[in-house]
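Questions regarding the structure given below will be posed in turn.
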Amino acid sequence: MTAIQVDININLMDAELPLSTTREVRDRCLCLHAQRAARALARIFDEALRPHGLTNGQFSLMMALNRPEPPRLGELAPFLSMDRTTLTAALKPLERKGFVAGAPDRKDARARRIALTDTGRTALIGALPVWRATHDLVDARLVALTPEALRAGLRELG
């Protein structure tokens, strides 16, 4: 995605900010609507996954580790749209629970690979039916557009 630059010179001392502008932003702002929807979805999935000891973010992170070769942190961070520092912080509680384990890369000791443990894989297997059922409920609430169309549009932005 390319960055969009807008150069607007406004004398802030003379600018007004009427209530109609607030309403315009409320009704039009994609960031606001995406953030509100993300928080609402997070609450729904956090509640559903809580009995399995997971948050929605932890579930997604652990699913991203479900691959034949454990990924390097540097590969995982962009996939999850996280910076390495945030990813490292997100992994700590999962490591404490014994759900994931890190080890130096055999080919490059500076790199770290993260893998699901057997305990983590068991937790994911147990949480998966709940995740699916919750998704079915959320998908059914999307009447204005199909879940597939929404996912496609969000992928275009990310």
Side-chain angles (χ1 to χ4, degrees), residues 1-4 23-158:
M1 185 170 172
T2 60
I4 299 171
R23 290 182 180 128
E24 174 191 5
V25 171
R26 176 200 66 200
D27 296 341
R28 183 175 182 202
C29 184
L30 289 173
C31 290
L32 173 64
H33 290 286
Q35 289 165 346
R36 289 178 67 190
R39 286 191 288 272
L41 282 170
R43 282 191 300 273
I44 291 167
F45 281 93
D46 282 348
E47 183 64 29
L49 295 169
R50 184 174 291 120
H52 296 277
L54 295 170
T55 66
N56 76 86
Q58 291 170 334
F59 179 87
S60 297
L61 196 162
M62 289 171 59
M63 269 301 168
L65 296 174
N66 185 38
R67 41 175 98 179
E69 173 95 14
R72 291 185 181 123
L73 273 176
E75 299 164 353
L76 193 57
F79 175 78
L80 295 168
S81 292
M82 300 171 93
D83 61 62
R84 288 177 59 116
T85 304
T86 303
L87 176 57
T88 299
L91 286 166
K92 288 183 192 267
L94 294 173
E95 288 176 315
R96 283 192 298 271
K97 290 180 180 183
F99 289 170
V100 302
D105 187 332
R106 285 179 243 168
K107 296 176 185 170
D108 181 357
R110 297 169 298 169
R112 187 171 168 229
R113 291 193 179 266
I114 304 297
L116 282 174
T117 62
D118 289 342
T119 302
R121 189 171 315 286
T122 299
L124 274 182
I125 290 168
L128 188 57
V130 171
W131 177 87
R132 284 182 173 140
T134 304
H135 244 292
D136 289 345
L137 293 171
V138 169
D139 287 353
R141 289 175 58 187
L142 294 172
V143 294
L145 75 159
T146 67
E148 293 78 18
L150 176 58
R151 281 188 281 274
L154 291 172
R155 277 193 296 271
E156 285 184 27
L157 295 174

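Quick caveat, the model's predicted, so the values are computed rather than measured.
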Would you mind listing every side-chain hydrogen bond (donor to acceptor under 3.5 Å, both in side chains) that reaches into residues 63-80, with sequence neighbours excluded? Asn66-Arg121, Arg72-Asp105

Measuring from Thr122:OG1 to His52:NE2, what's the distance to the nearest 0.5 Å? 12.5 Å

Should we count CG of Asp136 as having more than 12 external heavy atoms under 6.0 Å? yes

Of all the heavy-atom pairs spanning Pro129 and Gly126, show the shortest one and how long it is. CD-O, 3.4 Å

My understanding is that only residues two or more places apart in sequence, or in another chain, count here; which of them pass side chain to side chain contact (heavy atoms under 4.5 Å, CB included) with Ala40? Arg43

Rounded to the nearest 0.5 Å, what's the gap from CZ on Arg26 to NE2 on His33? Could you check? 8.5 Å

Sorted by chain and number, sequence neighbours left out, side chain to side chain contact (heavy atoms under 4.5 Å, CB included) with Ala115 holds for Pro70

What heavy-atom pair brings Met62 and Gly120 nearest, and what distance separates the two atoms? CE-O, 3.3 Å

At what distance, to the nearest 0.5 angstrom, does CZ of Phe45 lie from CG of Leu54? 13.0 Å

CD of Glu47 to OG1 of Thr55, rounded to nearest 0.5 Å, is 12.5 Å

Value for CG (Leu65) from CG (Leu116), rounded to nearest 0.5 Å, stands at 5.0 Å

Which residues pass the side chain to side chain contact (heavy atoms under 4.5 Å, CB included) test with Arg151, not counting sequence neighbours? His135, Asp139, Pro147, Glu148, Arg155

To the nearest 0.5 angstrom, please state how far the CD1 atom of Ile114 sits from the CG atom of Leu73. 4.5 Å

Atom pairs and distances, side-chain donor-acceptor, residues 89-103, under 3.5 Å, sequence neighbours left out:
from	atom 1	to	atom 2	distance (Å)
Glu95	OE2	Arg112	NH2	2.3
Lys97	NZ	Gly53	O	2.3

Is any side-chain heavy atom of Phe59 less than 4.5 Å from a side-chain heavy atom of Trp131? yes

Could you pull out all residues at least two apart from Leu80 that satisfy side chain to side chain contact (heavy atoms under 4.5 Å, CB included)? Leu61, Ala64, Leu76, Met82, Leu87

